[in-house]
Amino acid sequence: MVKRKTTRKIHLWLGLVSGIVVCLLCVSGALFVFAEEVMHSYNKEHLIVNIEGKRMMVDSIVATYKSKYPDEQYFWINTYTDPTRSFDVVSGIIKEGSETPILKLTFINPYSGEIIAEDSSSINFFFLVAHFHSELLLGEVGLWIIRIASLIFLTQLILGLVLWWPRSKNESKSAFKPKYPASKKRINHDFHRVYGFYACWLLLISITTGLVMSFEWIEKPVVAVFGGSPELIGQNPPTADKQENKDFKSLQYMFEQFKDVHTDNHKLTFMAIQPDAPTSQFVLIDSDDRFLHLYGDNQILDRYTGKLLDKPLVSEFEKNQDILETNLDIHMGTFGGWPTQILALFIGLFGTSLPITGFFIWWGKRKKQKRI
């Protein structure tokens, strides 16, 4: 009895301390679940183009874009095997006095190079939602607030399961099934305790996958368990050796090779050339057409040959990336399409409600004790 009472007090005070942050964390996560679908719907008239002869070279499209917007930070271009699909560039507008760029999505007709449309509204809104979810838009301070609140929420869920555990057959009857009909107070209690039990397992998965992305000391053992190389986490991937008097293959050459293999509506993302890896081209092959969600087959290409980089540790780095992207996919609920996304949305909203229903339970008991 004493242990249970102590557990209840810890559960209560941890909830009161972290409740507001947990609500913000969960509701912002729920908002981001259908980010890509909203962006596609917002820009649906810009996604399709008429087939007009032969598409321009990818290199020319990138060069034209950079010359037209020299002050923007170029991040990547999404190219598609579907001949009716427009290409799109993701870039950032750096404003004076700000370190965080304003994202911009630019749709380009790959046959003419014409700028079809620009979208800074939907993409930047969800960019801010994502950063609010991860750091409350407060930088390093916000990052640590989210980390601590996530650890507290994880502890809360475990303590909640301990408190939920029925101690008798009589308690078991009400532990799995809410009482009906019931008063508002009872409905709130059952929502927190009974439905909380069922949602708890999915919330545990969501929080755990979030913590994997947040803490390296959690990330490393997870990568090791799934066959990755934890010692490579935080390290730079290998790059192609510099070769004098040898030209790089064009992006178009790489695209043509990709197009010949992946003939059915695939996307190839060409990341911006990194200053510390000028001899390598990082690409992402994906069967989806998401603008921001960089899921898929991450590859490192040798720019001299246009083929997969043949060096030690490359496959290990790519394996690590695949594991971490699967973790992100599970965290966001996007691994199973619409069904799991809808589930992730409801779980996020339910997680938002837990501190609120818990507060009302505590407040009701507090008022009752005052009357006594």
Exercise for the section: Would you check, one step at a time, whether the test ring-ring contact (aromatic ring centres under 6.0 Å, His included) holds for Phe350 with Phe191? Expected result: CA-CA 9 Å; Phe350 190 88; Phe191 198 83; 5.0 Å; yes
Handout entry: Centroid-centroid distance, Trp362 to Phe359, less than 6.0 Å
Key = yes
Practice task
Kindly assign one of parallel, tilted or perpendicular to the pair His11 and His192, based on the angle between their ring planes and the thresholds 30° and 60°.
Solution key: perpendicular
Practice task
Identify, with sequence neighbours excluded, every residue that meets salt bridge (Lys or Arg N to Asp or Glu O under 4.0 Å) alongside Asp310.
Solution key: none
Exercise for the section: Decide whether Leu154 and Leu143 are clustered together by the hydrophobic rule: side chain heavy atoms of Ile, Leu, Val, Met, Phe, Trp, Tyr closer than 4.5 Å, transitively. Expected result: no
Handout entry: Minimum side-chain heavy-atom gap Leu136-Val141 below 4.5 Å
Key = no
Problem - Test item: Asn327 side-chain N/O and Thr209 main-chain N/O as donor-acceptor pair under 3.5 Å - result: yes
Exercise for the section: Go through the structure and list residues passing salt bridge (Lys or Arg N to Asp or Glu O under 4.0 Å) with Lys249, not counting sequence neighbours. Expected result: none
Problem - Distance-only side-chain donor-acceptor flag, Asp329 / Thr326, under 3.5 Å - result: no
Exercise for the section: Could you tell me whether the side chains of Tyr111 and Asn50 share a donor-acceptor contact shorter than 3.5 Å? Expected result: no
Problem - Leu105 backbone acceptor or donor facing Asp119 side chain under 3.5 Å - result: no
Problem - Any side-chain heavy-atom pair of Ile61 and Phe87 under 4.5 Å - result: yes
Handout entry: Rounded distance (nearest 0.5 Å) linking atom CD1 of Ile158 with atom CZ of Phe153
Key = 11.5 Å
Exercise for the section: Could you tell me the separation between the CG atom of Leu203 and the CD atom of Gln156, rounded to the nearest 0.5 Å? Expected result: 12.0 Å
Handout entry: Within one Ile-Leu-Val-Met-Phe-Trp-Tyr cluster: Leu204 and Trp165, side-chain cutoff 4.5 Å
Key = yes
Exercise for the section: Could you check if a side-chain atom of Val223 sits within less than 4.5 angstrom of a side-chain atom of Ser229, using non-hydrogen atoms only? Expected result: no
Problem - CG-CE distance between Asn109 and Met56, expressed to the nearest 0.5 angstrom - result: 9.5 Å
Practice task
Answer with yes or no whether the side chains of Asp297 and Gln299 bring together a donor and an acceptor at under 3.5 Å.
Solution key: yes
Exercise for the section: On the 0 to 90° scale, with breaks at 30° and 60°, tag the Phe291-His40 ring pair as parallel, tilted or perpendicular. Expected result: parallel
Exercise for the section: Please examine the side chains of Arg186 and Ser174, heavy atoms only from C-beta on, and report whether any two atoms are closer than 4.5 Å. Expected result: yes
Fill in the blank from the handout: Nearest heavy-atom approach of Phe75 to Pro101 is CZ-CG, 4.2 Å
Problem - Within 6.0 Å of OH in Tyr198, more than 12 heavy atoms from elsewhere - result: yes
Fill in the blank from the handout: Members sharing Tyr304's hydrophobic cluster, built from side-chain contacts under 4.5 Å between Ile, Leu, Val, Met, Phe, Trp and Tyr, are Phe248
Problem - Ser280 side chain vs Ala277 backbone, donor-acceptor pair below 3.5 Å - result: no
Exercise for the section: Start with the C-alpha distance between Ile233 and Asn320, add both sets of side-chain angles, then the distance that settles side chain to side chain contact (heavy atoms under 4.5 Å, CB included), and finish with yes or no. Expected result: CA-CA 8 Å; Ile233 290 175; Asn320 282 5; 4.2 Å; yes
Exercise for the section: Classify the side-chain pair Arg303/Thr279 by whether it contains a donor and acceptor separated by less than 3.5 Å. Expected result: no
Problem - Side-chain ion pair, Arg147 and Glu135, N-O less than 4.0 Å - result: no
Exercise for the section: May I ask you to decide if Ile300's main-chain N or O and Gln281's side chain share a donor-acceptor pair within less than 3.5 Å? Expected result: no
Handout entry: Full working for side chain to side chain contact (heavy atoms under 4.5 Å, CB included) between Phe258 and Ile285
Key = CA-CA 8 Å; Phe258 154 76; Ile285 299 173; 3.7 Å; yes
Exercise for the section: State plainly whether the residues Glu256 and Lys259 are in salt-bridge range, i.e. N to O under 4.0 Å. Expected result: yes
Practice task
Check the side chains of Thr269 and Asn78 for a donor-acceptor pair under 3.5 angstrom, ignoring hydrogens and angles.
Solution key: yes
Problem - side chain to side chain contact (heavy atoms under 4.5 Å, CB included) assessment of His46 paired with Asp88 - result: CA-CA 10 Å; His46 311 317; Asp88 51 87; over 6 Å; no
Fill in the blank from the handout: By side chain to side chain donor-acceptor pair (under 3.5 Å), Thr79 pairs with (sequence neighbours left out) none
Practice task
Determine yes or no for a side-chain-to-main-chain donor-acceptor pair under 3.5 angstrom, with Asp190 supplying the side chain and Arg193 the backbone.
Solution key: no
Practice task
Can you measure from CZ (Phe32) to OG1 (Thr334) and round to the nearest 0.5 angstrom?
Solution key: 9.5 Å
Handout entry: Contacts of type salt bridge (Lys or Arg N to Asp or Glu O under 4.0 Å), residue Glu231, not counting sequence neighbours
Key = none
Fill in the blank from the handout: Value for OG (Ser86) from CD1 (Ile116), rounded to nearest 0.5 Å, stands at 4.5 Å
Exercise for the section: Would you confirm whether Lys267, through its side chain, and Arg290, through its main-chain N or O, come within 3.5 Å as a donor-acceptor pair? Expected result: yes
Practice task
Check each of Phe125, Phe127, Phe132 against Val129 using the side-chain contact (heavy atoms from CB on, under 4.5 Å) test, and report the only one that passes.
Solution key: Phe125
Handout entry: Separation between OG1 of Thr81 and CG of Asn265, rounded to the nearest 0.5 Å
Key = 5.5 Å
Practice task
Spell out, as yes or no, whether a donor-acceptor pair under 3.5 Å connects the side chain of Gln73 to the backbone of Ile94.
Solution key: no
Exercise for the section: Could you tell me whether Lys104 sits above the aromatic face of Tyr69, with NZ or CZ closer than 6.0 angstrom to the six-membered ring centre and within 45 degrees of the axis? Expected result: yes
Practice task
Indicate yes or no: at least one non-hydrogen side-chain atom of Cys23 is less than 4.5 angstrom from one of Ile356.
Solution key: yes
Practice task
State, with a plain yes or no, whether a side-chain heavy atom of Ile146 is found less than 4.5 Å away from one of Leu25.
Solution key: yes
Problem - Backbone of Ile205 reached by a side-chain donor or acceptor of Thr208 within 3.5 Å - result: no
Handout entry: Parallel, tilted or perpendicular: ring planes of His133 versus His331, cut at 30 and 60 degrees
Key = tilted
Handout entry: Residues which pass ring-ring contact (aromatic ring centres under 6.0 Å, His included) with Trp164, listed by chain and number, not counting sequence neighbours
Key = Phe176, Phe197
Practice task
Scan side-chain atoms only and decide if Ser91 and Tyr65 contain a donor-acceptor pair under the 3.5 Å cut-off.
Solution key: yes
Fill in the blank from the handout: Which of Asp302, Thr239, Asp241 passes side chain to side chain donor-acceptor pair (under 3.5 Å) with Lys311? It is Asp241
Practice task
Begin with the C-alpha distance, continue with both residues' side-chain angles, and end with the deciding distance and a verdict on side chain to side chain contact (heavy atoms under 4.5 Å, CB included) for Met39 and Ile123.
Solution key: CA-CA 7 Å; Met39 284 190 289; Ile123 192 172; 3.8 Å; yes
Problem - Donor-acceptor contact below 3.5 Å, side chain Glu118 vs main chain Thr106 - result: no
Problem - Non-hydrogen side-chain atoms of Trp201 and Leu161 separated by less than 4.5 Å - result: yes
Practice task
Determine, using the 4.5 Å side-chain heavy-atom cutoff (strictly less than), whether Phe226 and Ile218 are members of one ILVMFWY cluster.
Solution key: yes
Handout entry: Thr340 side-chain N/O to Gly333 backbone N/O, donor-acceptor pair under 3.5 Å
Key = yes
Practice task
Give a yes or no on whether Ile93 and Tyr74 share a hydrophobic cluster (residues Ile, Leu, Val, Met, Phe, Trp, Tyr; joining criterion: side-chain heavy atoms under 4.5 Å apart).
Solution key: no
Handout entry: Side chain to side chain, Phe255 and Phe270, heavy atoms closer than 4.5 Å
Key = yes
